[in-house]
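Take a look at the structure set out below.
Naming: A, B, ... by sequence-line order, numbering from 1 per chain.
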2 protein chains.
Amino acid sequence: MATLGDVAARAGVSISAVSRVLSDAPDSRVSAATKQRILDAASALNYRPNFAGRALKSARTQVVGLVVPDITNALFTELMHGAEDEAAERGYTVLLGRSDDVRPGGEVIARLIGEGRVDGMALQVGDGVPPAGLRDLLSTQAPIVLVNSAIPGQAGSVTLDDHRGTLLATEHLLGLGHERIAFANGLPRSFTAKRRRTGYKLALATAGVRVPAGYETRVGYTVDNGRTALRQLMALDPRPTGIVVANVNAAVGLLGEARRLGIRVPDDLSIVTVHDSWTAENTWPPLTAVKMQFYAVGRTAVRSVIRRIETGETSDEVVTDPPPELIIRESTAPPPSAT
Amino acid sequence: MATLGDVAARAGVSISAVSRVLSDAPDSRVSAATKQRILDAASALNYRPNFAGRALKSARTQVVGLVVPDITNALFTELMHGAEDEAAERGYTVLLGRSDDVRPGGEVIARLIGEGRVDGMALQVGDGVPPAGLRDLLSTQAPIVLVNSAIPGQAGSVTLDDHRGTLLATEHLLGLGHERIAFANGLPRSFTAKRRRTGYKLALATAGVRVPAGYETRVGYTVDNGRTALRQLMALDPRPTGIVVANVNAAVGLLGEARRLGIRVPDDLSIVTVHDSWTAENTWPPLTAVKMQFYAVGRTAVRSVIRRIETGETSDEVVTDPPPELIIRESTAPPPSAT
DNA sequence: TTGAAAGCGCTAACAC
DNA sequence: GTGTTAGCGCTTTCAA
């Protein structure tokens, strides 16, 4: 690999002149002719600035870490794309990490930041980590921004308008005439589960609808969790006629389990989910969903990390633009009795 | 962040002594007592070796790049996990990249390698890039290993036993009594499509079964491609009673389109796919699939890259262990006429 | 057993 | 306009 020195030798100038030209400093203080010679030499040698050399000198890597619990998840993929696009526009690169072992004491963050591999990070922890458990992780003053959870005052955060997501979903079922509307939620300690709950509750309260006890499950966000949730809800008396699901993966599970039990969707039971993804389009029936704007979350998170890195400012942001959007497919219909 | 100098000062020794101890050189040539003082100082200061400093000096990053066309794809996720596990065991880190713009002239590879961000890479290009187009990308002597494609002699490669995958899938349908078996394949120029084709052909030939013209589509591996493929195949006369699909995402599309057209699976039509993933379990009906060992591919690819980096050896490997495995679910049954 | 010192590629303050 | 130089944190050779 060619170095600055190689380019300088070829162009017959000093290393610093080359550095000034190639790192396009605002004022390179070099004559047009020299500049051209340098550029020619650089491209002839196919010069690229060495990452380590630059990082060592400037104490900046221009890399931000993005750590999510599970890359498999289509939602995080969308988030990642947003993060990458924003980073690219600002001359940063995204380094992806898994937060599998981001528990208090987990190593990922400490390593990435401590070894100077990244300048800052956007961190979404799994459902299993209660927000309180994050405190010591964040005790360092490193530029970390939480994604889809928040500890006000401790670190910056970027979250979705979860409340509005479940509100829209619940209103959709109410609008179809449902009253026995259940809610398949995430784990109680989960930050998003708490917020999604309020939207569901508010919609019911506003409509003056009361639901029987046990109409909220709190199993989790995986496909299997969804299967369990459906069994729990279908064991109730009276059975719900509609279910709002707090996560699309869980919704896929609910749908599969309904099928297994011979419950027809949407004839016997309507299912609407929060989150949309390509999987939701390809279930049978295709899932009615409230699309949450994960792409925007990714962009916002990276913007926030970079601001934190460059100016030190911290902020807690909620992504409301674009707003959550109801996409009606075929898993919802009026309740059976309403014929 | 604490540096070697900080640790040295605290322990009252020289920087080089600290370096020797902390980079656990086989022979640190340091007395037990000094060593202990150094270790204490390091942990008191929470010392971590600076990545850039080390990389600059040693001209090694201990990072391998993994570039895949689409991180959304569940298959690549599995591959990634394999890659990460292997890397971790060998003291390397995986840096993930997207190959969206890996066409001849694409920048990703040149950047990662040229800027010294990675020591080598495993590269899977999208279906759209014909193997020939890769040549110039690989003209550099950089330690690059191709994944799921190969240009013998040009770079190392790691591939799946694609042939055996479609062979098993086709034999499964034959075993159920199907004879009118179609094949929904990828694009003709795709490396894997060519290999998958041979398995299908061989199984039919061995069984002495001949199929009508038009029984192979070559649309591609996406969900939408799958929908198109199904329409093409169902327009044929006679219609196939079974379809072997070369990719699970396409299979999801075929299934959805069959549903839309009122074709019952598996009663009217059996569908078996190559590849397995969690999506295959959650379609309706759940897809019978031949599981291909992507996790093993990831491990093998990283092992191969590291060998290339450290010893310069190149190899072309086919992952046959564990072998492809047929997982029978509910999308396949005997053909309608065979009652 | 220990330390001094050179140098990896780069930037930036300073001198000419 | 252009060049010299110090130094970022680390490893490693060589000397003590």
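Within the 4.0 Å cut-off from OP1 or OP2 of dC10(D), not a single side-chain nitrogen or oxygen of Ser58(B) is found. At least one side-chain nitrogen or oxygen of Ser19(A) sits closer than 4.0 Å to the OP1 or OP2 atom of dT11(C). Remark: Ser14(B) is in phosphate contact with dG3(C), judged by side-chain N or O atoms under 4.0 Å from OP1 or OP2.
In this structure, of dG9(C), dT2(C), dT2(D), it is dG9(C) that holds the atom nearest to the side chain of Thr3(A). Comparing atom distances between the Lys57(B) side chain and each of dA6(C), dT11(C), dT2(C) picks out dA6(C) as nearest. Minimum atom distance to the side chain of Asn50(B) is reached by dG9(D), of the listed dG3(C), dG9(D), dT1(C). Between dC10(D), dG3(D), dT11(C), one nucleotide has an atom nearer to the side chain of Arg54(B) than all others, and that is dC10(D).
Scanning both residues, Ile109(B) and Leu123(B), for their nearest heavy atoms gives CD1-CD2, 3.4 Å. The nearest pair of heavy atoms linking Ala110(A) to Arg48(B) is CB-NH2, 3.5 Å. Here the shortest heavy-atom pairing between Pro143(B) and Asp119(B) reads CG-O, 3.3 Å. In terms of heavy-atom proximity, Ala301(B) sits nearest to Val158(B) at CA-CG2, 3.7 Å.
Taking atom NZ of Lys35(B) as the reference point, atom P of dT2(C) lies 12 Å away to the nearest angstrom. Atom CD in Gln62(B) sits roughly 11 Å away from atom P in dT11(D) (whole-Å rounding). To the nearest angstrom, P of dG9(D) lies 14 Å from CG of Leu45(B). Look at CG on Leu56(B): it is 12 Å from P on dT11(C), rounded to the nearest Å. Rounded to whole angstrom, the span from the CE atom of Met1(A) across to the C1' atom of dG9(C) amounts to 14 Å. Following rounding to the nearest Å, Phe51(A) (CZ) and dC8(D) (C1') show an atom-to-atom distance of 14 Å. The CG-C1' distance, from Leu4(B) to dG3(C), rounds to 14 Å in whole Å.
Where Gly53(B) and Val13(B) each meet DNA chain C at their nearest nucleotide, the meeting point lying more 5' is that of Val13(B). Each of Ala32(B) and Ile15(B) was assigned the nucleotide of DNA chain C with the nearest heavy atom; the assignment lying further toward the 5' end belongs to Ala32(B).
Side-chain N/O atoms of Arg20(B) and base N/O atoms of dG3(C) include a donor-acceptor pair closer than 3.5 Å. For Ser16(A) against dG3(D), a side-chain N or O and a base N or O form a donor-acceptor pair under 3.5 Å.
A donor-acceptor pair is defined here as one N or O able to donate and one able to accept, closer than 3.5 Å; such a pair exists between the side chain of Arg308(B) and the backbone of Ile144(B).
Nucleic acid contact class of Tyr47(A) (heavy atoms, under 4.0 Å, all strands): sugar-phosphate only.
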